[in-house]
J.: 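Can you keep this structure in mind? I'll have questions shortly.
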Amino acid sequence: MNQYVRLGVNIDHVATLRNARGGQDPHLLQMALAVEEAGADGITIHLREDRRHIRDEDVWLLRSHLRTPMNLEMAATDEMVRIALKAMPKACCIVPEHRREVTTEGGLNVVGQLSELGMQVAKLSDAGIEVSLFIDADRDQIQAAHDIGAPVIELHTGEYANASTPQTVDHELERLEEASAFAQSLGLVVNAGHGLTKFNVAPIAAIEGMNELNIGHSLIARSLMVGLPTAVREFREIMDRACQ
Ligand code: PXP
């Protein structure tokens, strides 16, 4: 197999912890630099409409100090597109957003909003930002992502992560493998993420042609036990071993 899968670390929950007391501890930039130093290939942040973790000033600070590419997750709203065009991250991942959700609960409905999404994708792409659409492992959604000109998709691995029997895990993994192969046959770059942990990440990293995994909650949670650099290295090692 022998492929290198990029590790994007989502640091939203470092900001969640910081915001709990309103100060600067833990310092988001310092943590991001430690994550990079430990071997992450990129930093992912989700600027939510309600600013519950990442805030606008975090975007600017990280943008000017990160050494690895920044991946900005955001809803496809005019406000977010305006911010992205000002911040100019390397990549934008467009996600669905609902105010009351605890986290991103499902993939984007690209099929149902072709023209609106197509316009936002074009604005970001024309500026040189690599746009990815966060979607479920569904052929119609993948085809629609391709049709509106997104060069990258991120497959939502939440259903795989939540599968509770060996049969459903296998079924969800197969769906992701098939979706990835179909997307690649259209020329799309395939990333994946959501709910990935030390215990379920290996088969996803091993999907042929996988480009990047974005991992947040479980890596940040693990860092409470072993420290952030070690947590990053653990995920890196598991992914590398799965791809040998
Ligand atoms: N990818 C996307 C598009 C997401 O919205 C999230 C959650 O913010 C992740 C990856 C990371 O998910 P988790 O925090 O469950 O690892």
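All ligand and atom numbering here is 1-based and tracks the order in the structure. Position 1 is the first residue of the sequence; numbering continues from there.
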J.: Return the orientation label for the H156 and H194 ring planes: parallel under 30°, perpendicular over 60°, tilted otherwise.
T.: tilted

J.: Please check: side-chain N/O of Q3 versus main-chain N/O of A205, any donor-acceptor pairing under 3.5 Å?
T.: yes

J.: Which of the numbered atoms in ligand 1 are under 4.0 angstrom from any heavy atom belonging to G195?
T.: 12 (O), 13 (P), 15 (O), 16 (O)

J.: Under 3.5 Å, N or O to N or O, is S218 touching ligand 1 that way?
T.: no

J.: Any nitrogen or oxygen of F134, main chain or side chain, under 3.5 Å from a nitrogen or oxygen of ligand 1?
T.: no

J.: Which atoms from ligand 1 have a heavy atom of I215 less than 4.0 Å away?
T.: 16 (O)

J.: So, are R18 and D25 salt-bridged, with charged N and O less than 4.0 Å apart?
T.: no

J.: Are the side chain of S64 and the backbone N or O of L61 linked by a donor-acceptor pair below 3.5 Å?
T.: yes

J.: Which atoms of ligand 1 sit under 4.0 Å from any heavy atom of N10?
T.: 8 (O)

J.: Can you list the atoms of ligand 1 that are under 4.0 Å from a heavy atom of N214?
T.: 10 (C), 11 (C)

J.: Measure E154 to ligand 1 on non-hydrogen atoms and call it side chain, backbone, both or neither using the 4.0 Å cut-off.
T.: side chain

J.: Would one find more than 12 heavy atoms of other residues, nucleotides or ligands at under 6.0 Å from atom NE2 of H217?
T.: no

J.: Counting only nitrogen or oxygen atoms and a 3.5 angstrom limit, does E73 reach ligand 1?
T.: yes

J.: V95 to ligand 1: N or O pair under 3.5 Å?
T.: no

J.: At a 4.0 Å threshold, what atoms of ligand 1 neighbour a non-hydrogen atom of H217?
T.: 13 (P), 14 (O), 16 (O)

J.: Please indicate whether E208 has more than 12 foreign heavy atoms, meaning atoms of other residues, nucleotides or ligands, lying under 6.0 Å from its CD.
T.: no

J.: Is the shortest heavy-atom distance from the side chain of I54 to the side chain of H46 under 4.5 Å?
T.: no

